Trainee: 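I'd like to ask some things about the structure below.
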Amino acid sequence: MSAAAEPARREDASRLPEPDTAREWLSTMTLIRRFEERAGEMYARAKIGGFLHLSIGEEATIVGSARALRASDYLVSTYRSHGHALVRGTPPEKVMAELFGRTGGCCGGRGGSMHMFDLQRRFLGGYGIVGGNLPIAAGAALASDYTQTDDVTLCTFGDGACNQGTFGETLNLAALWRLPVVFMVTNNQFGMGTALRRHSAQTDLRRRGESLGVPGMRCDGMDVLDTHAVLCRAVAHVRRERSPVLVEAVTYRFRGHSMADPEQYRTKEEVARWRERDPIPAFARRLREAGVLTERDLEQIDAEAMQRVDAAVAFADASPFPAPDTLYDDVYVLEGALSGTYSVMTTDPGAHPVPADERGAASSDGADEIPQQMSDALALGEEAGT
Amino acid sequence: MSAAAEPARREDASRLPEPDTAREWLSTMTLIRRFEERAGEMYARAKIGGFLHLSIGEEATIVGSARALRASDYLVSTYRSHGHALVRGTPPEKVMAELFGRTGGCCGGRGGSMHMFDLQRRFLGGYGIVGGNLPIAAGAALASDYTQTDDVTLCTFGDGACNQGTFGETLNLAALWRLPVVFMVTNNQFGMGTALRRHSAQTDLRRRGESLGVPGMRCDGMDVLDTHAVLCRAVAHVRRERSPVLVEAVTYRFRGHSMADPEQYRTKEEVARWRERDPIPAFARRLREAGVLTERDLEQIDAEAMQRVDAAVAFADASPFPAPDTLYDDVYVLEGALSGTYSVMTTDPGAHPVPADERGAASSDGADEIPQQMSDALALGEEAGT
Amino acid sequence: MRYREALREALREEMRRDERVLLMGEDIGVFGGAFKVTDGLLAEFGERRVRDTPISENTIVGMGVGAAMCGLRPVVELMTINFSLLAFDQIVNHAAHIHYMFGGQARVPLVVRMPQGAGHQLGPTHSHCFEALFLHVPGLLVAVPSTAADAKGLLKSAIRDDNPVIFIEHESLYGVRGEVPDSDEHLVEFGRAHIARAGSDVTIVGVSRMALTAQRAAALLESEHGVHAEVIDPRTLRPLDLDTILESVAKTNRCVIVEEGWPHGGVGANLAALVSEQAFDELDAPVRRVSGADLPMPYSKPLEDIAYPHEAQIVDAALQALGVAGAAAHRS
Amino acid sequence: MRYREALREALREEMRRDERVLLMGEDIGVFGGAFKVTDGLLAEFGERRVRDTPISENTIVGMGVGAAMCGLRPVVELMTINFSLLAFDQIVNHAAHIHYMFGGQARVPLVVRMPQGAGHQLGPTHSHCFEALFLHVPGLLVAVPSTAADAKGLLKSAIRDDNPVIFIEHESLYGVRGEVPDSDEHLVEFGRAHIARAGSDVTIVGVSRMALTAQRAAALLESEHGVHAEVIDPRTLRPLDLDTILESVAKTNRCVIVEEGWPHGGVGANLAALVSEQAFDELDAPVRRVSGADLPMPYSKPLEDIAYPHEAQIVDAALQALGVAGAAAHRS
Ligand SMILES: Cc1ncc(C[n+]2csc(CCOP(=O)(O)OP(=O)(O)O)c2C)c(N)n1
Ligand SMILES: Cc1ncc(C[n+]2csc(CCOP(=O)(O)OP(=O)(O)O)c2C)c(N)n1
Ligand SMILES: [Mg+2]
Ligand SMILES: [Mg+2]
């Protein structure tokens, strides 16, 4: 395991960041917490449907890791990704509106809780298939390399995802092709109701990449400082060496897997023990003791978070539901080079064929970033004289 | 890595087996070699169609490993499996007839070169999908455990197969459930035209199971003694510990990947260098030098192999092609509990629906072993009083 | 008894009857099953026979194939059909082909259970109906029970059968109650369609959950339009009981097929093709299909609602088949 | 130029034209491609743009999806369609859904190339035709070129398109020669069927390789039976040019559909359903389907030969559609 991949602990972890930075981290962790608590309430009030996977308890892992990235780096997540959207800067309004299934949502209500996305902020989603996001992250990293930038991709997934075939396939390819990806296992101790030791033969997850020569690191996912310190090393290593690292963030899911979870697979005591290590009060206490923030600052931070969540709910409530006639928008990109009828099911009550003359009408907001990248790539092409 | 998993080398490898055993090993290696050389000729003469993957050069790996098994253990292979059928005792006649696509073939001409099978001899196939055989081997091992036997399963696959998702998934499950499987990577240095270092980030393949706590061993796949010694340790370990081991057999494919392979991916020199280590003459020399076999014995062994191959070709040539009206036999097991029409495509020129009254007619030769196992299992059931 | 409980009963009875039957799947044990179908079975049968697995769909199914080849009768639960795509290779190239490919030597008495369906706002990746992908594959049996009685009877038959069975349940049906014959030997034969409602004006074939939606539509057709629809639930798609459908069409001369999944190359297209070809002279109007919309299922409720069939579309299609537009019309 | 070379030309031209285009696949570089389609491209474009991959189908396709979302235009080769089942999750739940699921933000300009087909004694696991599995999925475009010209023109269009394209080649066609327009801008539009042979008596739709078999059958129908068959090659299945087929059927009043794959829920069923529904009044006889046999493809030559369609079955089906049994008959 390369030096750069040594776990951090003590040395950096004890060093506090600049006051403004520290405040921003705490504010963001608090925002995520308050946002998800409210989302849970909204689910109970049937404002939100489907599955709702909360990351309450995992905020230090989310913020500590995302803050090790720069704006042009990619972040790829799972179906448990409200926090990842928020930490990347997606307005809470757009995230809540997505949960409400409204046009104001970051995906216009198409994806819902499991499929958040914000291309402009390089938050690359939001994937519902366990393990499905790893190859996509490797592809993003390939694009970064191919277009000769030094951006990296942070791919986060759960302990249960380590058992999916894509895990071994993707780590091998990333190591073989020297792709700039940080694979981060958010080890919250369970894959749904299955405890780590009951689903993985190797419970020391940072070692799961060893066989492929992918160095492993571990961070205390309940400690935003340690998480940030370790991820900074991981990101720096990957950015410099152009080869992948596997980081295990040890954390815990305070709530059920999703809203309907009797939690028969763990004891109230176990949950209580972990809750004592709640990353938000822990970090707050630390900042207060270090004199970085006062009691009033802390109250203010929480009040601000509450206000932003109130505003998000108000926005989401006011945002209209998608109109029925938008049902077929964006099934295909229609301004492409091809014509032809994309759907011929005139016997399908819902369907509307797209005649050639309508083509080009379809919207694709947010896609504006791609042309930029394309022209970069094309420029390369010209250099290469092709 | 457990003691039992230490590579063998010296100590046993130098020890020669009993003369009869040594002769049988050499005879079987020679039979496989001669059989496949002839198969190649028959392919050139269009007696054989489709793909023909020869294991010429890998005979020591095949015989050394299979001879570490007892008759009730399972062997699971790939699309390169003529040798595995022969080493398990499937008559060369049936293997050659399968290659010829005749009714006398071990699968009645249905499977061909890539899909050999002999249930009675517990040779569990013969699979065309790279990596597809690993889960099946784990399932066989599960059945052995479930029925409370101490049989083990030897699953062999190529270096390229280590990159398939099923590799990580199956090793994890086998380790987690403590399944009696020996996973053997037949490392012949290439996945088709892609050299090991170009397809696997980890070129020390015996380590590919480390991350999952699956101990690794390595044997010289060009040396039948070393292969046998190491596999005996692996099999003994697995039979005793009821948990998997990964063995890397280092060998080389003398011929092309299949019959149509220009071999641009390697040099003639490289092939020549490996051919100097041809496992058959090497073992023959050793036995002669040790005074176990005389020059005449060696000539006789080769003559016997040639005769058996001649007989196999004669049998295959004489065996009839399947009759057209057998086309739909064994698509389904029809003596089961269900009725109904299995194919209703009266518009399909080839198809013939199977009316309920015909059911039970379909043959399923070889299946006789299953009822035996079933009654064993049922017996267990009765004990358990269910 | 609920559909969920009927399935559990089938599993319990067959596990008691035959020691070779074991269950494997994600969270089927300690968690009790994502939809609680297997709840309580771990307690009764223990970890040897009720096995929680890692999230490794292709390998779980493949292990089921290998174990089945060696004499066991595994029942694998995939948490939902959406994840079956990861196991598609083991299902098609292995489970379905092994008996034929090896000349009849090996058998694969494997059951793969999984629920499908939309309607719970689970969004694009979690709302699939994939019957069409499986019925395409020779070597597989495919069941799509819509009632508690059929769920139990078909699952028991599936477990006793020597062929690999794809057993497709529906997320919206687990809580639905129905009469279930109280017998250990309640077996429903594959390849036998069920005439859920008798009628003479139009034949409506409803697949999986749509068999129920079709029955409600038939009630509306009767009460509001005086139209007597015959509703047929094929119950299994392989083998398919086409004869029962053709007999009905010979009587009604009109046919509507209702499926929840995608229209192109769906189960509806398969049935429409067969009926159009084989009842050509009996049909007074083209076969009508009512299907899910041709797109990934959106999360937002109002969009999801119009993206799969409801009674209204079935009523319309039936009236169109009858050549009567609009409401309160009578048979022309 | 051979079909194989036409594909290579398309790749070469598009790679020269657009730096964002790169190739990934098993043995496409040093080995030159299992079917030699990519032979020579590594030498011209280097390892950055022509990438040999490990045997990891699901991940190769998934990397293509991710790279495409981030501005590249990857062309992934799967060695054969038989292995695409391992990548089915990335193709359906990811490539096909991402544009819609994320509200139009992301695009997936990915091409997945792969050959299908029987006829080379490759046996049960290696002889599949899977058009039906892919055409079922909204969000995908599906091409099935049968000539060198279409292979080149469709592949170039596919690479320039912003949607994920499943590009299905055929193992038996790689060596077949055909005229190919000598132009860098030879693009064949998706959604435009090709009338391969004009005729007035019966419409024969042939998919993929079967478009050629159908043309040979049409020649026999003419020379031996005086029947003038119109042969249509849809060229793409999504989008599908149904209008051209319907226009032909309006003229001939008879339709035969020929596919190499399995009959249940196949592309033939989809086309037969559409034609039967939408040309109901024009059809003088039921649509006839000629398909591969409903079983895993056997290795043995005499069995394989009768397990997929040849001219004779197509001629028979056409004569049946025309209501003339046996040979040398004339239109009744
Ligand atoms: C391929 C696949 N299989 C099963 C599921 C159902 N499922 C959703 S989340 C989950 C558990 C995942 O556990 P883990 O990877 O640890 O992530 P966590 O939920 O703990 O964040 C399962 C089994 C799925 N979404 N995808
Ligand atoms: C899933 C899958 N992908 C691709 C192929 C095509 N293929 C057949 S053999 C082979 C190479 C396998 O190499 P290895 O595993 O080392 O076995 P070897 O051929 O060397 O014995 C490939 C790519 C296949 N059969 N299955
Ligand atoms: Mg977890
Ligand atoms: Mg190899």
Side-chain angles (χ1 to χ4, degrees), chain A residues 74 105-108 110-111 115 117-119 124-129 132 134-140 142-144 146-147 165-166 169-170 172-173 176-177 329-333 335-344 346-347 362-367 370 373-374 377-378 380-381 384 386, chain D residues 15-20 22 48-49 51 53-54 56 58-72 74 86 89-90 93-94 98-107 109 138-139 141 157-158 160-163 187 189-192 236 238-243 273-274 277-278:
Chain A
Y74 288 106
C106 54
C107 298
R110 292 289 182 67
H115 309 108
F117 197 81
D118 190 339
L119 188 64
L124 224 54
Y127 295 89
I129 303 300
L134 279 85
I136 287 176
L142 173 62
S144 298
Y146 191 91
T147 52
T166 50
E169 290 186 353
T170 306
N172 180 57
L173 251 158
L176 189 69
W177 287 7
D329 294 351
D330 299 325
V331 175
Y332 289 97
V333 179
E335 67 258 43
L338 310 185
S339 87
T341 306
Y342 282 69
S343 174
V344 295
T346 52
T347 52
S363 74
S364 63
D365 34 293
I370 282 180
Q373 291 189 340
M374 291 178 171
L378 280 171
L380 288 176
T386 60
Chain D
M15 288 179 81
R16 286 179 178 168
R17 175 176 177 273
D18 187 345
E19 175 79 4
R20 296 166 298 166
L22 74 160
R48 174 167 165 265
R49 299 186 65 191
R51 297 175 168 255
T53 67
S56 311
N58 202 32
T59 289
I60 298 164
V61 171
M63 284 182 65
V65 172
M69 290 168 75
C70 296
L72 303 188
L86 288 155
D89 173 66
Q90 284 295 333
N93 276 323
H94 297 84
I98 277 171
H99 184 61
Y100 188 85
M101 172 163 88
F102 296 143
Q105 287 179 76
R107 296 168 183 205
L141 301 183
S157 295
R160 296 185 191 190
D161 191 71
D162 279 343
N163 297 289
L187 300 174
E189 263 189 325
F190 275 50
R192 294 276 174 266
T236 64
R238 253 191 202 265
L240 173 69
D241 180 3
L242 185 61
D243 299 345
L274 289 165
E277 289 159 359
Q278 301 193 28

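Just so we're clear, the structure is a prediction, and the values are computed from it rather than from any experiment. In what follows, every chain begins at residue 1, and chains take the letters A, B, ... in the order their sequences are listed.
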Trainee: Chain A heavy atoms under 4.5 Å from D/Thr53: which part of the residue, side chain, backbone, both or neither?
Mentor: both

Trainee: Atom NE2 in D/His94, atom CD1 in A/Ile129: separation rounded to 0.5 Å?
Mentor: 6.0 Å

Trainee: Please state whether the side chain, the backbone, both or neither of D/Ile98 comes within less than 4.5 Å of a heavy atom of chain A.
Mentor: side chain

Trainee: Run D/Gln90 and A/Ile136 through side-chain contact (heavy atoms from CB on, under 4.5 Å) and show every step you take.
Mentor: CA-CA 9 Å; D/Gln90 284 295 333; A/Ile136 287 176; 4.0 Å; yes

Trainee: Picking from A/Gly108, A/Ser144, A/Gly139, which has the most non-hydrogen pairs under 4.5 angstrom with chain D?
Mentor: A/Gly139

Trainee: For chain D, which candidate among A/Ala143, A/Pro135, A/Gly165 shows the most heavy-atom pairs at distances under 4.5 Å?
Mentor: A/Pro135

Trainee: Output the option from D/Val61, D/Leu86, D/Leu22, D/Ile60 having the highest count of non-hydrogen pairs under 4.5 Å with chain A.
Mentor: D/Leu22

Trainee: Does the side chain of A/Leu173 come within less than 4.5 Å of D/Pro54's, by heavy atoms?
Mentor: yes

Trainee: Can D/Arg49 and A/Tyr146 be counted as having a side-chain donor-acceptor contact under 3.5 angstrom?
Mentor: yes

Trainee: Any side-chain heavy atom of A/Thr147 within less than 4.5 Å of one from D/Leu72?
Mentor: yes

Trainee: Applying side-chain contact (heavy atoms from CB on, under 4.5 Å) to D/Arg238 and A/Tyr332, what does each step give before you reach the verdict?
Mentor: CA-CA 11 Å; D/Arg238 253 191 202 265; A/Tyr332 289 97; 3.3 Å; yes

Trainee: Got a sec, which residues hit ring pair (Phe, Tyr, Trp, His ring centres under 6.0 Å) with A/Phe117, two or more places apart in sequence or on another chain?
Mentor: D/Phe102

Trainee: With rounding to the nearest 0.5 Å, note down the distance linking CG in A/Leu142 to SG in D/Cys70.
Mentor: 9.5 Å

Trainee: Sort out for me which residue in A/Val333, A/Leu119, A/Asp330 forms a side-chain contact (heavy atoms from CB on, under 4.5 Å) with D/Arg107.
Mentor: A/Val333

Trainee: Quick one: which of A/Gly132, A/Cys107, A/Gly105, A/Ala140 has the most heavy-atom pairs under 4.5 Å with chain D, could you say?
Mentor: A/Cys107

Trainee: Could you tell me whether the side chains of A/Glu169 and D/Thr59 share a donor-acceptor contact shorter than 3.5 Å?
Mentor: yes

Trainee: I need the A/Arg110 CZ to D/Gln105 CD distance, nearest 0.5 Å.
Mentor: 11.5 Å

Trainee: Does any backbone or side-chain atom of D/Asn93 lie under 4.5 Å from a heavy atom of chain A? Answer side chain, backbone, both or neither.
Mentor: side chain

Trainee: Are the side chains of D/Met63 and A/Thr170 in contact, using a 4.5 Å heavy-atom criterion?
Mentor: no

Trainee: Need one label for A/Leu134: side chain, backbone, both or neither, based on atoms under 4.5 Å from any heavy atom in chain D.
Mentor: neither

